[in-house]
Protein chains: 2
Amino acid sequence: MGRPSSFLDETVFAAVANCLVEQGEVRLQAVTATAGVSTGSIYHRFGSREGLMAAAWLDAVAAFQRRFLAALASPEEMPGLAAALVTPAFCREEVGRALILTTGRRAEMMSDKAPPDMRLRLDQLNAQSKAALEAFAREQRLPLARVRLALIGVPLGAVRLYLPAKAVPESLDADISRAVMSLLTRD
Amino acid sequence: MGRPSSFLDETVFAAVANCLVEQGEVRLQAVTATAGVSTGSIYHRFGSREGLMAAAWLDAVAAFQRRFLAALASPEEMPGLAAALVTPAFCREEVGRALILTTGRRAEMMSDKAPPDMRLRLDQLNAQSKAALEAFAREQRLPLARVRLALIGVPLGAVRLYLPAKAVPESLDADISRAVMSLLTRD
DNA sequence: TTTGTTCTAGAAAAAATGTTCTATTATGGG
DNA sequence: CCCATAATAGAACATTTTTTCTAGAACAAA
């Protein structure tokens, strides 16, 4: 049914990440050049620049969240630690998506002019994360602010010390763990 | 000696921060409108868009560093803690500069095309910070990576949970302190 | 007051960027 | 083999954004 597509979304998203890191901004011309895809194809698939940016953002957020929620739900000796360590692992294993999440600005990636269905989807994902964190905080009898700091703020702050210039070292996990455990310990 | 200037750098930098937060990007037209300054004046003072961005970035970095280095040098019961708490304080007391540092991308603010003297100045500032952190790590006999995480990564990750949408709450300091102390404790 | 200097003002020009459009290519089904 | 469909390609077009340029305003010193 029709001509098959000649490139993956993933390839374009990687180009977006690359531009974000190299030039600090996403120009369509730079994306097409990097990904080796024509402007016509970009518009055919994503509709507009806004659509492309929103798609890249959504893809990265969803991929991260899948791992994060799974880790948060899995039973552990130290509840929450696995979830905190998802961030550095994600940065090592899915560099492109991690770069979009760490160096992309939300207001720029998912602007007011982005397709409404995509904005809705993002809101849904955010609500899901929020609910999961609140449930965790309740179960553990810890303040929500501290849980957010431990599971998101600290790991993100940690990997940003390296990205986008350097790879996230394995040794970072031990330091993250130390900080996270201190935050997730009740008094 | 010539006509006096009718606006402060600060006013323009605040407009840059505002654009960064509101639109996720810095358009000169938006800056001139927000700051109430003509394009002619912007070019007269900053030379180009790149020059303006570099100036705003440099101003924010320098302001932060002044406080950070002072705190790091001041004697304390818990060495380094005061330095870690500079970040949330900076976000409360110098919001515009904090927004530039937290939401601006370095590659965009200080691009390759920025004035060479400004790029040099930034390199000098970075070298200064690096040296201070290394000295601190040596004195405290702690790994440099852990010191960087404690004094920069954690506080930055913490305030980013709030900025740019919300104010950084006072209660955050206690949580940051907890995490930082666990990282700065040997063994 | 005149002169020299520095700054502001904003429209015009130039450059860069995003979008549309038509032609073309690749695939499957009738 | 021909048709319908769906995708690619890239030049032409439209829009947006940056930059330049000329005129004029504010101030100090002579």
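Protein chains get the first letters and strands the later ones, always in sequence-line order, with residue 1 at the start of each. Hydrogens, waters and symmetry mates play no part in the numbers below; they use all other heavy atoms, side chains included.
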Rounded to the nearest Å, what distance is computed from the [atom1] atom of residue [X] to the [atom2] atom of nucleotide [N]?
{"X": "A:R3", "N": "D:dA7", "atom1": "CZ", "atom2": "P", "answer": "11 Å"}
{"X": "B:L28", "N": "D:dT17", "atom1": "CG", "atom2": "C1'", "answer": "8 Å"}
{"X": "A:Q23", "N": "C:dT17", "atom1": "CD", "atom2": "C1'", "answer": "13 Å"}
{"X": "A:E25", "N": "D:dT16", "atom1": "CD", "atom2": "P", "answer": "18 Å"}
{"X": "B:Q29", "N": "D:dT20", "atom1": "CD", "atom2": "P", "answer": "18 Å"}

Presence of donor-acceptor pair under 3.5 Å, side chain of A:R27 and base of C:dT17: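 Not at all, since no donor on one side and acceptor on the other fall under 3.5 Å apart.
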Enclosure of A:Q29 CD (heavy-atom neighbours >12, cutoff 6.0 Å): no
Within residues 4-12 of chain A, residues whose heavy atoms come under 4.0 Å of DNA chain D: A:S5, A:S6, A:F7
Within residues 37-51 of chain A: residues closer than 4.0 Å to DNA chain D (heavy atoms):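 Per residue number, the list reads A:S38, A:T39, A:G40, A:S41, A:H44, A:R45.
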Test your reading of the model: is there a side-chain donor-acceptor pair from [X] to the backbone of [Y], 3.5 Å cut-off?
{"X": "A:R49", "Y": "A:L28", "value": "no"}
{"X": "A:R105", "Y": "B:G24", "value": "yes"}
{"X": "A:R106", "Y": "A:W57", "value": "no"}
{"X": "B:R178", "Y": "A:L183", "value": "no"}

Sugar-phosphate, base or nothing in reach of B:V31, heavy atoms under 4.0 Å: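 The answer is nothing, as B:V31 stays clear of every strand by at least 4.0 Å.
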Nearest atoms (heavy-atom pairs only) where A:L8 meets A:R45: C-NH1, 3.7 Å
Distance in Å, A:L149 CG paired with A:L144 CG, rounded so as to fall on 0.5 Å steps: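 It comes to 11.0 Å.
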Parallel, tilted or perpendicular: ring planes of A:F46 versus A:F13, cut at 30 and 60 degrees: tilted
